[in-house]
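Notes follow the structure.
Counting starts at 1 for both ligands and their atoms, in listed order.
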Amino acid sequence: MKKLITLITCAAMIMCLAGCGKTASGTAQAGVLVMATNAEFPPYEYHEGSAIVGIDAEIAAAIAEKMGCELQIEDIAFDAIIPEVTSGKADIGMAGMTVTEERMENVDFSTTYAIARQVVIVAEGSGITSLADLEGKTIGVQQGTTGDIYASEEFGDDHIERYAKGMEAVQALSQGKIDAVIIDNEPAKVFITENEGLIILDEAYADEEYAIAIKKGNTVLLDQINKALEELKADGTLDAIVAKYISAE
Ligand code: ARG
């Protein structure tokens with residue numbers, strides 16, 4: 001009997017280790033789901049006092065709860081998130097992260113949980129009214145984001161100013177240091193309410209989808225995350241979290 005209990009405990013432990021992303025490097029802890037993010041991206045992740053809150057933080061907490069894990073959030077530079085996941089220091093990368101072919105070479109992605117757009121913010125009355133007007137202009141982006149990647153490719157490095165935080169790019173725009181900012185639509189909406197005289201162009205720059213990044217080949221964790229996401233979508237939890245942070249238009 002004792003042997004059987006030990007065996008069961010052992011099996012349960014192994015399941016939990018695998019489930020919470022215990023890696024060979026031993027950096028991820030048993031029973032803990034470590035999420036790497038960049039908490040400069042309202043309403044998905046941002047600081048509220050000493051806490052990190054937002055849509056991603058809440059979805060991750062709900063996933064962790066389903067997995068029986070404790071969620072631990074690490075706030076790092078956006079372009080450090082994928083390396084953190086590939087090295088196994090973090091179990092998941094969740095940061096309003098767009099699924100791209102290039103990123104899929106380095107990480108696996110969960111099913112998508114949000115639809116997003118890259119939009120263009122300009123100063124009111126700037127004369128920039130369409131994407132075509134961006135030619136020859138200086139565009140601010142958050143370093144390493146899809147806004148950075150796409151705009152650098154299209155307009156050339158000389159026309160791109162990279163900032164550590166999206167908000168810094170928007171501030172530079174409101175100070176007249178740059179002509180436009182390319183950034184995700186929901187943070188864009190938040191940032192223009194915090195800086196006067198800015199508008200978002202109707203014409204979107206790119207359509208995207210967000211998903212959770214997981215170490216390549218960690219199918220045990222990937223399956224658990226996808227299963228949890230599916231349940232959260234089905235029972236309305238995901239919609240309720242989104243509705244808490246984004247008012248329907
Ligand atoms: N969706 C964009 C991307 O994946 C920007 C994400 C920025 N996220 C953040 N938490 N700063 O590149």
Side-chain angles (χ1 to χ4, degrees), residues 34-48 51-61 63 71-86 89-121 139-155 157 160-173 180-192 194-195 200 204-214 225 241-242 245-246:
V34 181
M35 159 180 168
T37 195
N38 171 247
E40 302 294 344
F41 201 67
Y44 289 94
E45 46 266 329
Y46 58 99
H47 294 270
E48 204 171 78
I52 292 172
V53 298
I55 296 171
D56 288 344
E58 291 207 22
I59 295 174
I63 291 173
L71 178 68
Q72 188 180 307
I73 302 180
E74 268 184 22
D75 181 23
I76 58 177
F78 182 75
D79 55 6
I81 296 173
I82 288 185
E84 197 83 348
V85 170
T86 56
K89 284 192 195 135
D91 302 305
I92 61 171
M94 193 171 185
M97 189 179 283
T98 305
V99 179
T100 71
E101 294 284 327
E102 209 187 353
R103 289 175 181 162
M104 277 166 72
E105 285 171 18
N106 297 306
V107 286
D108 287 337
F109 278 105
S110 68
T111 50
T112 59
Y113 65 88
I115 290 173
R117 284 192 302 278
Q118 292 297 307
V119 295
V120 182
I121 309 176
I139 301 163
V141 294
Q142 184 185 15
Q143 166 112 8
T145 59
T146 45
D148 179 7
I149 298 160
Y150 303 154
S152 304
E153 202 176 291
E154 183 171 353
F155 303 103
D157 270 349
I160 304 301
E161 284 292 332
R162 299 188 175 88
Y163 298 86
K165 306 173 183 182
M167 184 62 168
E168 288 171 1
V170 177
Q171 278 161 348
L173 172 64
V181 169
I182 296 184
I183 194 161
D184 305 52
N185 54 323
E186 291 302 336
K189 284 198 243 165
V190 176
F191 293 152
I192 67 163
E194 291 166 3
N195 293 269
I200 299 171
Y205 184 59
D207 292 314
E208 334 194 293
E209 286 183 81
Y210 295 164
I212 302 170
I214 296 157
I225 300 276
I241 293 172
V242 171
Y245 290 92
I246 302 175

Inset, instruction - Heavy-atom cut-off of under 4.0 Å around ligand 1: list whichever protein residues fall inside it, by chain and number. - result: N38, F41, E45, F78, A95, G96, M97, T98, R103, Q142, T145, T146, D184, E208, Y210
Inset, instruction - Would you please say whether a donor-acceptor pair under 3.5 Å links the side chains of Y245 and E58? - result: yes
Inset, instruction - Answer with yes or no whether the side chains of Q142 and N38 bring together a donor and an acceptor at under 3.5 Å. - result: yes
Inset, instruction - Indicate the ring-plane relationship of Y210 and Y44, choosing parallel, tilted or perpendicular according to the 30° and 60° boundaries. - result: perpendicular
Legend entry - Polar contact flag, side-chain donor to acceptor under 3.5 angstrom, R103-T98: no
Legend entry - Side-chain donor-acceptor contact under 3.5 Å, T37 with E74: no
Legend entry - salt bridge (charged side-chain N to carboxylate O under 4.0 Å, His left out) between D148 and R162, intermediate numbers included: CA-CA 7 Å; D148 179 7; R162 299 188 175 88; 2.8 Å; yes
